[in-house]
2 protein chains.
Amino acid sequence: MVTITDIAASLGVTPSTVSRALAGSSRVKESTRLAVEKRAAEMGYERNVVASNLRKGRSNMVGIVVPRIHREFFSNVIGGAESVLNQAGYNVIICQTMESLDAEIKALKALRNYRVAAVFLSHAIECKNGSHVREVLGNDLPLVQFDRVFPDLPGAKIVGANCEGAFTATKHLISQGYKRIGTIAGFMTSQAYVERLAGYRLALESAGMTFDPSIVFEDSIVRETGYEACKKALEAGCDALYSTGAFSALGAMDALKEKGIRVPEDFGIVATSNESFTSLMSPSLSTLGQQPFEMGQAAARAFLEGRTNTEVIPMELHIRQSSNRNK
Amino acid sequence: MVTITDIAASLGVTPSTVSRALAGSSRVKESTRLAVEKRAAEMGYERNVVASNLRKGRSNMVGIVVPRIHREFFSNVIGGAESVLNQAGYNVIICQTMESLDAEIKALKALRNYRVAAVFLSHAIECKNGSHVREVLGNDLPLVQFDRVFPDLPGAKIVGANCEGAFTATKHLISQGYKRIGTIAGFMTSQAYVERLAGYRLALESAGMTFDPSIVFEDSIVRETGYEACKKALEAGCDALYSTGAFSALGAMDALKEKGIRVPEDFGIVATSNESFTSLMSPSLSTLGQQPFEMGQAAARAFLEGRTNTEVIPMELHIRQSSNRNK
DNA sequence: GGCAAATATACAAACGTTTGTACAAAAATC
DNA sequence: GATTTTTGTACAAACGTTTGTATATTTGCC
């Protein structure tokens with residue numbers, strides 16, 4: 001492998017001059033810079049980034065820590081972040097925590113030891129607060145949290161517009177003429193689910209409808225619990241559901257199909273989701289989609305521009321068959 | 001940050017002794033090793049991997065190059081590889097090529113400059129052969145290709161059992177009593193699709209059925225072309241299809257629904273796919289699934305064990321409603 | 001106890017870059 | 001033309017490790 005010392009020797013200058021020339025420093029003459037660049041190209045030089053990183057005490061890598069890489073949501077965030085970071089000359093190093101706090105700490109330590117330029121983080125479910133992050137990362141290393149964020153940690157945060165999104169989704173159901181709209185809610189230990197429930201409530205109240213806790217079905221995010229929730233909703237006289245999850249909505253559809261209830265004629269349903277299957281099933285499922293790719297891009301841009309504010313990424317309402325009575 | 005020099009000073013030994021102690025070298029006394037380890041822990045020492053990598057000329061990172069991170073298949077491969085590599089003390093650095101040859105070359109160069117321990121690669125569609133890889137990576141850097149591989153390149157290769165899988169899927173349709181089985185095939189420029197077609201043909205012929213090119217519908221991998229292919233298949237008197245793609249099978253389902261043809265009673269269908277929606281739709285779609293997570297794990301193990309053979313990962317036949325007449 | 005062998009540690013160079021300081025040459029000022 | 005200023009390059013140290021060689025210490029043996 002050819003080094004700057006080789007180039008320097010071949011041109012009769014010093015390595016420092018070559019280094020500066022290649023870095024575009026104003027301290028080297030235009031003519032020597034061109035000579036260096038020419039020779040470097042001829043000799044097929046490429047900077048040893050490891051040496052460069054050691055000397056600079058910082059690398060051009062960004063660490064991304066997620067619970068599981070292969071979840072549709074996270075892989076899209078990573079994809080979005082990578083596409084922006086790559087343009088800016090950064091590479092991406094990935095760690096998955098498998099939802100374990102210990103693994104998250106281990107990953108953060110590894111990234112710190114790699115002297116990454118920044119860490120993008122969506123917390124493991126086991127994490128109850130961000131104290132471990134502060135401890136490991138210190139205050140110098142830029143941190144961008146996304147989706148699962150702790151407000152007490154410094155740095156940029158990228159979150160979905162949960163409240164606003166749920167509001168829009170519920171409003172949509174109201175506008176379609178549904179009269180008794182329940183919700184399949186998630187775990188109230190998670191900020192995102194709390195916000196969605198708030199948005200749902202706000203939409204009802206702003207339309208003069210009463211918020212009825214008896215048709216709020218909490219802790220339902222998988223197919224089976226969605227199925228159960230929907231059966232209860234039917235017993236309680238609901239004619240629509242806003243679901244905070246995609247799989248729970250799928251379960252709800254199972255229940256509706258079983259009872260022979262027509263969707264969307266007799267019952268409307270909107271799910272919060274990024275899952276691709278929602279658009280493919282029949283009837284296709286109306287969804288309130290987070291935009292993970294955009295969140296990843298936003299995280300990258302927040303880091304590149306040195307911002308530390310909280311950015312809210314709007315959710316997109318996809319009106320499909322399951323809630324569209326007009327068509 | 002505390003360095004080995006700090007530890008050495010605090011113990012009155014030299015950095016080299018500390019380094020060897022922490023590396024578990026037999027050249028340091030048991031008692032000093034313990035003392036070093038104790039002090040290192042006390043002082044909160046963590047190895048500067050950048051310096052270590054520079055000195056060793058090799059890092060403990062593995063580069064993974066894929067067309068797009070957020071494709072379900074690739075994100076699963078990455079997830080599988082990461083889970084194994086992480087256990088072995090490696091971290092994963094990811095590059096996406098967006099199917100561009102130039103981006104693939106750029107990514108490989110970046111990884112080489114990071115002095116990664118190995119490169120796992122699934123080629124961009126633009127690549128017609130592996131010559132660029134050889135040029136950039138040289139012969140020292142271990143290469144593991146997966147899914148989209150070039151046989152002319154050295155190193156381990158992890159591929160799906162395309163021929164065998166298609167054989168099994170087609171056999172399954174035959175066993176269900178379907179009499180005229182067509183196939184929605186992909187592009188014959190891709191090795192994987194060629195192999196699947198071969199498997200399909202083999203299954204027919206081994207069952208004494210004739211291979212009929214007029215019911216081989218090539219170049220159909222999206223929903224629209226799948227829809228068209230299915231209509232043609234129906235005109236040609238088919239009562240079943242083996243589809244090489246999931247989305248084309250979805251299109252086929254559209255066509256069948258439109259014509260009011262019952263699945264699986266009057267028509268059977270099996271798709272090759274890793275897409276999760278296949279199990280969620282109704283009727284659920286029988287699939288021949290590649291096992292991307294396992295492929296990622298296999299790639300990692302091939303690297304860790306220094307193997308350079310070609311490993312074939314079996315495909316899994318998921319018999320669901322779309323082809324199950326017995327139930 | 002003296003010598004050789006084995007063991008444990010110290011020394012120093014190296015990995016390839018970056019960057020502060022020093023110095024030389026050229027240009028500008030009087 | 002001598003002095004100051006600017007510009008361009010050289011020198012050398014540093015980043016924190018690893019590792020070959022040399023040296024000091026201990027051990028074993030007669």
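Model, not experiment: these values are computed from the prediction. Numbers restart at 1 for each chain; the letters A, B, ... are given by sequence-line order, proteins then strands.
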Spacing between A:L11 atom CG and D:dT9 atom P, to the nearest angstrom: 11 Å
A:N113 side chain to B:E46 side chain, donor-acceptor N/O pair below 3.5 angstrom: yes
Interatomic distance where CD1 belongs to B:I7 and P belongs to D:dT17 [whole Å]: 8 Å
Protein-nucleotide distance (B:R58, atom CZ; C:dA14, atom P), rounded to Å: 22 Å
Interatomic distance, A:I4 CD1 vs D:dT9 C1' [rounded to whole Å]: 14 Å
Sequence-aligned protein contact record of nucleotides 19-28 of chain D, with B where the base is within under 4.0 Å of a protein heavy atom and S where only the sugar-phosphate is: BBBB------
Distance below 4.0 Å between A:T14 side-chain N/O and D:dA10 OP1 or OP2: yes
Selection: residues 32-45 of chain B, any non-hydrogen atom under 4.0 Å of DNA chain D: B:Y45
Between C:dA14 (P) and A:N48 (CG): distance, integer Å: 17 Å
Bend angle of the helix from C:dG1-D:dC30 to C:dC30-D:dG1, from helix axes over five pairs at each end, nearest 10°: 40°
A:M61 to B:I93 - nearest heavy-atom pair and separation: SD-CD1, 3.7 Å
Flag for A:S19-A:S16: side-chain donor and acceptor within less than 3.5 Å: no
Interatomic distance where CG belongs to A:L54 and P belongs to D:dT18 [whole Å]: 12 Å
Sugar-phosphate, base or nothing in reach of A:S25, heavy atoms under 4.0 Å: nothing
Atom-to-atom span, OH of B:Y114 to P of C:dG16 - whole angstrom: 18 Å
Protein-nucleotide distance (A:N53, atom CG; C:dG16, atom P), rounded to Å: 15 Å
Greater than 12 external heavy atoms within 6.0 Å of A:E305's CD: yes
Qualifying residue, where the test is side chain to side chain donor-acceptor pair (under 3.5 Å) with A:Y114 and the options are B:N53, B:N48, B:N60: B:N60
Donor-acceptor pair between B:H123 and B:Q145 side chains, under 3.5 angstrom: yes
Lys/Arg-Asp/Glu bridge criterion (N-O < 4.0 Å) met for A:E99, A:R148: yes
Minimal non-hydrogen separation, B:I69 against A:S75, with atom names: CG2-O, 3.9 Å
Steps toward side chain to side chain contact (heavy atoms under 4.5 Å, CB included) verdict (B:F150, B:V133): CA-CA 10 Å; B:F150 289 121; B:V133 180; 5.9 Å; no
Any side-chain donor near an acceptor of the partner, B:S131 and B:N129, under 3.5 Å: yes
Distance-only polar pair, side chains of B:S100 and B:T97, donor-acceptor under 3.5 Å: no
